[in-house]
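What follows is a short report on a single structure.
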Amino acid sequence: QDVQKESEPHVYLSKEEVKEKIQSYNSSVTDKLKMTLNANGIYTGFIKVHLELCRPITVQSSQSQGRCDSSNNGTAFYLPDGCVNTLHISSTNTVREVIEALLKKFFVADNPAKFALYKRCHKEDQVYTCKLSDREHPLYLRLVAGPRTEMLSFVLREHETGEVMWEAFTIPELRNFLRILDKEENEQLQILKKRYAAYRDKLEEALGGVWKPG
């Protein structure tokens, strides 16, 4: 189970330290996703992001693909579990820009403000998660942690329920959420009814056996 962890302080590296870390990073890479240091000191590389979304997303139709605005042409659906996406980014890209790039790649029309990027760390048989601020730089975190995803991985999630900016949703999206909730509620209600009906049958059967005349 994930344990929430406070954000760690940012440690700034000198140009020489960055160069050394990139060399060490690339020597440990096993999937060819290496980092490249440019002459201006900016470096580029790859991060993998796990998509763990509980609520449905709105995907633009073919007529509206390429636009980042919400429209009635979008289709809402649940993203399958276990989706992982690889992004090529630079050391200057912020968390907010990474979220926007992910949504654009999947043609998601939802407002980026609905989502948050988390880092997941494994330490001493514990899994820690920490929500990253919009101003943090994921590629820097990847560089410092090294290429092993079991040491550090990134996860895209919705904001917690208490943090949801409901005003960021469109009226059709909110209505669609209500329809999905109604459907799930009815399904759970039918499951409960069947379960208690089975209990009732067993109780009545047991009572019939106890009070049956000898």
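What you see is a predicted model; the values in this text were computed from it and never measured. This chain uses plain numbering: 1 for the first residue, then up along the sequence.
- Here the shortest heavy-atom pairing between R120 and E52 reads NH2-OE2, 2.9 Å.
- Residues V155 and V49 share a closest heavy-atom pair of C-CG1, 4.3 Å.
- Proximity of R135 to V95: side-chain heavy atoms (C-beta onward) are nowhere separated by under 4.5 Å.
- Nearest approach of I47 to I89, heavy atoms of both residues: CD1-CD1, 3.7 Å.
- Going from atom CD1 of I99 over to atom CG of N93 covers 12.5 Å, rounded to the nearest 0.5 Å.
- Using a 4.5 Å cut-off between side-chain heavy atoms of Ile, Leu, Val, Met, Phe, Trp and Tyr, with links allowed through other members, L102 and V84 fall into different hydrophobic clusters.
- Closest heavy-atom contact between L152 and L141: CD2-O, 3.3 Å.
- For the pair R96 (side chain) and P112 (backbone), a donor-acceptor distance under 3.5 Å is present.
- Hydrophobic clustering of Ile, Leu, Val, Met, Phe, Trp and Tyr side chains at less than 4.5 Å, counting indirect connections, unites L192 with Y199.
- In this structure, CZ in R157 is found 11.5 Å from NZ in K131, a value given to the nearest 0.5 Å.
- Side-chain atoms of M35 and L139, non-hydrogen and from C-beta on, do get closer than 4.5 Å to each other.
- One distance of note links CD of Q126 with SG of C121; it measures 12.5 Å at 0.5 Å rounding.
- Considering NE2 of H50 and CZ of F154, their distance stands at 10.5 Å, rounded to 0.5 Å.
- Tracing side-chain contacts under 4.5 Å through hydrophobic residues (I, L, V, M, F, W, Y), one never reaches M151 starting from L132; they form parts of separate clusters.
- The backbone N or O of I42 sits less than 3.5 Å from a side-chain atom of N40, completing a donor-acceptor pair.
- A heavy-atom distance below 4.5 Å is found between the side chains of N85 and F106.
- Atom NZ of K48 is surrounded by 12 or fewer heavy atoms from other residues, nucleotides or ligands within 6.0 Å.
- Contact annotation: the side chain of L117 never approaches that of E136 to less than 4.5 Å [non-hydrogen atoms, C-beta and beyond].
- Nearest approach of Y140 to Y43, heavy atoms of both residues: CA-OH, 3.5 Å.
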List the steps, then state whether side-chain contact (heavy atoms from CB on, under 4.5 Å) holds for Q190 with N186. CA-CA 6 Å; Q190 293 303 317; N186 288 330; 5.5 Å; no

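- Of the possible polar contacts, none joining the K119 side chain to the P138 backbone as a donor-acceptor pair under 3.5 Å is found.
- The structure places CZ of R142 at 15.0 Å from OG of S91, a figure rounded to the nearest 0.5 Å.
- Tested against C83 for a side chain to side chain contact (heavy atoms under 4.5 Å, CB included), the candidates L53, L51, L156 yield a single pass: L51.
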Does the side-chain contact (heavy atoms from CB on, under 4.5 Å) test come out yes or no for F46 and D31, once each step is laid out? CA-CA 11 Å; F46 299 85; D31 54 10; over 6 Å; no

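- Of the possible donor and acceptor atoms, none in the side chain of D201 sits under 3.5 Å from a partner among the backbone N and O of A198.
- The main-chain N or O of E20 is never found under 3.5 Å from a side-chain atom of Q23 such that the two would form a donor-acceptor pair.
- Cluster membership check: Y25 shares its hydrophobic cluster with L13, using side-chain heavy-atom separations under 4.5 Å among Ile, Leu, Val, Met, Phe, Trp and Tyr.
- Residues V29 and L33 come closest through the heavy atom pair CG1-N, 3.6 Å.
- Here the straight-line distance linking atom OG1 of T58 with atom CG of L103 works out to 11.0 Å at 0.5 Å rounding.
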